[in-house]
Amino acid sequence: MLCEFIDKELEALVNHRYIGKYKQYRSNAKLIRNLDKVIRYITQAGSIKVVSSITSLAYERLSNSPYSSVRVGFDTKYRLIFEEHEDKITLVLIELSEHYGDH
């Protein structure tokens with residue numbers, strides 16, 4: 001699947017450049033490794049159906065929202081929030097957020 005980035009700071013984070021609101025993750029090597037895996041899984045998947053079948057990602061559609069999310073790492077509190085575009089088979093990555101409001 002093709003991954004488009006609306007958030008240029010998130011795109012920089014995925015490319016291991018730490019700017020803006022994601023600068024705080026510079027020292028979180030575990031999160032960065034897990035994010036790399038998730039992006040690799042998503043880009044190698046042929047469709048959103050394949051992404052949803054990867055149990056370690058814990059894919060879910062967010063209720064009352066146009067977005068979906070996947071878990072970033074098995075034991076982290078972060079999820080990658082994205083918008084699905086089935087007609088283009090494209091994921092538009094929105095933000096990395098702390099799941100369940102954990103801070």
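No experiment lies behind these values; they were computed from the predicted model shown.
Separating the CZ atom in F5 from the CG atom in N15 is a distance of 6.5 Å, to the nearest 0.5 Å. Note that the OG atom of S56 and the CG atom of N34 stand 10.0 Å from one another [nearest 0.5 Å]. The CZ atom of R40 sits 12.5 Å away from atom SG of C3, with the distance rounded to the nearest 0.5 Å. How far NZ of K77 is from CG of L31: 10.5 Å, rounded to the nearest 0.5 Å. Annotation: the span from R26 atom CZ to L13 atom CG amounts to 10.5 Å, rounded to 0.5 Å. For the atom pair CD1 (I54) and CD (Q44), the distance works out to 8.5 Å, reported to the nearest 0.5 Å.
Contact annotation: the side chain of Y78 approaches that of N28 to within less than 4.5 Å [non-hydrogen atoms, C-beta and beyond]. With a 4.5 Å cut-off on side-chain heavy atoms, L80 and I39 count as touching. Side-chain contact check for E60 versus R79: some heavy-atom pair is nearer than 4.5 Å.
In this structure, Y67 is a member of the same hydrophobic cluster as I6, with clusters built from ILVMFWY side-chain heavy atoms closer than 4.5 Å.
Contact between F82 and I48 at its shortest, heavy atoms only, is CE1-CD1, 3.9 Å. Taking each heavy atom of G73 and V38 in turn, the nearest pair found is N-CG2, 4.5 Å. R61 and P66 get closest at one heavy-atom pair: NH1-O, 4.2 Å.
Within 6.0 Å of atom NZ in K21, more than 12 heavy atoms from other residues, nucleotides or ligands are found, so the atom counts as buried in its surroundings.
Shown here are the side chain to side chain donor-acceptor pair (under 3.5 Å) partners of D36, two or more places apart in sequence or in another chain: H16.
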### Query
Taking it one step at a time, do L10 and Y22 satisfy side chain to side chain contact (heavy atoms under 4.5 Å, CB included)?
CA-CA 7 Å; L10 179 59; Y22 298 112; 3.8 Å; yes
